[in-house]
Amino acid sequence: MQSYDIVVIGGGPAGLAAAAEAKRSGVDSILILERDHELGGILNQCIHNGFGLHTFKEELTGPEYAKRFMDQVFELGIEYKLNTMVMDITDSKVVTAMNKTDGMFQIQAKAVILAMGCRERPRGALNIPGYRPAGIFSAGTAQRLVNIEGYLPGREVVILGSGDIGLIMARRMTLEGAKVKVVAELMPYSGGLKRNIVQCLDDYGIPLKLSHTVVDIEGKERVTGITIAEVGPDMKPIPGTEEYYSCDTLLLSVGLLPENELSKTAGVELSTITSGPVVNDALETSVEGIFACGNVLHVHDLVDFVSQEAANAGKNAAKYVKEGRVASNKEIKINAVDGVRYTVPCTIRPDQMDDTVTVRFRVGKVFKNSAVTMYFGDEQVLKRKKQIMAPGEMEQVVIDKKKLAEYGDISDITIKIESV
Ligand SMILES: Cc1cc2nc3c(=O)[nH]c(=O)nc-3n(C[C@H](O)[C@H](O)[C@H](O)COP(=O)(O)OP(=O)(O)OC[C@H]3O[C@@H](n4cnc5c(N)ncnc54)[C@H](O)[C@@H]3O)c2cc1C
């Protein structure tokens, strides 16, 4: 069996940034395993601009952003294997993978970094009535068809779900000559970034119907029309509100799910909210020496945050390889309550944490004129007013090690949304 100090699963932006930072932190023996024929992950099909504003203070396309991190990996001489599917990881960090040249092979790793990204929720998860005609695509599949394969999936389009990929595809299909008739969103708010609603829908006069869902798909061989209806507070369609749109294509942008099958085989504890691993401030999972970052940990809004988080995972994995696990005398739980759905990380080790730890989270609904508050024990240590907070945009707070130490023996930190 071959052995490496760190094996990174997935060569998307998270895997690339994690590997590069691990190498810069002094670990040489690193291998990235990627199932696709190229590095860069899903960004290779995201040819629109808007990437990298935080990291590079420039507006890059997805492939340009990915290239910057690929170049770091090449310059640092980090090994990688393409067309290689990881099939299994054990809790003792034996990685089983397969490709055409090596066949099935196993690697013993000292540390593993999970960076497998996420996948789209399929139609099967939605229970929409109707036949199974051609013309129904996930927004990501349509994005790949248009941007990489060079096919236009349809000419008259209805989109269900207002996640960022759906919004981006509304504009993309329009620019390619298709007519996007409507975007229907089940929730009373969009699941995407405000900037994407403005730049991808409003700028092209594409209507967004909130609190609406698809109730019927017409067509046997190919989609011929879609009926949408308004939903009530119980999320059930309201009779009499049906609207019919003739179209040949339905795009689904109804959520992303972290790709955690391998995390499960490794015995990693998963969050019931994010479906990603439960991690501490080092982004270490419940299995010693297995770290997680990027969309496999929680679905991000901006790739810049993926890269920051992944660099942190890479640094901590390198520390683990060099020093082993340093026992921590305490772990403080972070409670996500009153509008905060979850936090990443879920726990903080006050004696082991970095000088500052960024805690990222999403809110569960739209909040106007409210405040993000943080409590160390019972004491409020942060109150940051925000005009608007929405589930489509990630929020963050920073925990300062010195400040935390002033609060002595607290057992928990609480983050919530309060009115001002
Ligand atoms: C369809 C789609 C479209 C998107 N479009 C946009 C967009 O337009 N704008 C935007 O800001 N964000 C977009 N995102 C979000 C974007 O995915 C993230 O910002 C970022 O790419 C996450 O990086 P990552 O490395 O965690 O995941 P990914 O980029 O998904 O990379 C994960 C990598 O892991 C590999 N992998 C997975 N399982 C295995 C395995 N078992 N063995 C080997 N390799 C494996 C995958 O092949 C992939 O290359 C999109 C996401 C999806 C799913």
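Order of appearance sets the numbers: ligands from 1, and atoms from 1 within every ligand. Remember, predicted model here, so these are calculated numbers, not experimental data.
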Side-chain atoms of residues 154-164: list all donor-acceptor pairs with protein atoms under 3.5 Å, sequence neighbours left out, distances to 0.1 Å.
residue : atom : partner : partner atom : Å
Glu156  : OE2  : Lys181  : NZ           : 3.3
Ser162  : OG   : Glu185  : OE1          : 2.6
Ser162  : OG   : Ser190  : OG           : 3.2
Ser162  : OG   : Gly191  : N            : 3.1
Asp164  : OD1  : Leu193  : N            : 2.7
Asp164  : OD1  : Asn196  : ND2          : 2.9

Charged N to carboxylate O below 4.0 Å: is that the case for Glu259 and Arg119?
-> yes

Please tabulate, one line per pair, the protein N or O atoms found under 3.5 Å from any N or O atom of ligand 1, giving the distance to one decimal.
residue  : atom   : partner : partner atom : Å
ligand 1 : 8 (O)  : His48   : NE2          : 3.0
ligand 1 : 17 (O) : Asn295  : ND2          : 3.2
ligand 1 : 25 (O) : Pro13   : N            : 3.3
ligand 1 : 25 (O) : Ala14   : N            : 2.9
ligand 1 : 26 (O) : Asn295  : N            : 2.8
ligand 1 : 29 (O) : Ile42   : N            : 3.0
ligand 1 : 38 (N) : Arg35   : NH1          : 3.4
ligand 1 : 41 (N) : Val86   : O            : 3.1
ligand 1 : 42 (N) : Val86   : N            : 3.0
ligand 1 : 44 (N) : Arg35   : N            : 3.1
ligand 1 : 47 (O) : Glu34   : OE2          : 2.6
ligand 1 : 47 (O) : Arg35   : NE           : 3.0
ligand 1 : 49 (O) : Glu34   : OE1          : 2.7
ligand 1 : 49 (O) : Glu34   : OE2          : 3.0

Asn83 vs His37, side chain to side chain donor-acceptor pair (under 3.5 Å): CA-CA, chis, key distance, verdict | CA-CA 5 Å; Asn83 300 306; His37 66 283; 5.3 Å; no

Thr224 side chain to Glu218 backbone, donor-acceptor under 3.5 Å | yes

Tell me whether the guanidinium CZ or amine NZ of Lys365 lies under 6.0 angstrom from the six-membered ring centre of Phe367 and within 45° of its axis.
-> yes

Taking NZ, NE, NH1 and NH2 as the nitrogens, is one of them in Glu58 or Arg68 under 4.0 Å from a carboxylate oxygen of the other?
-> yes

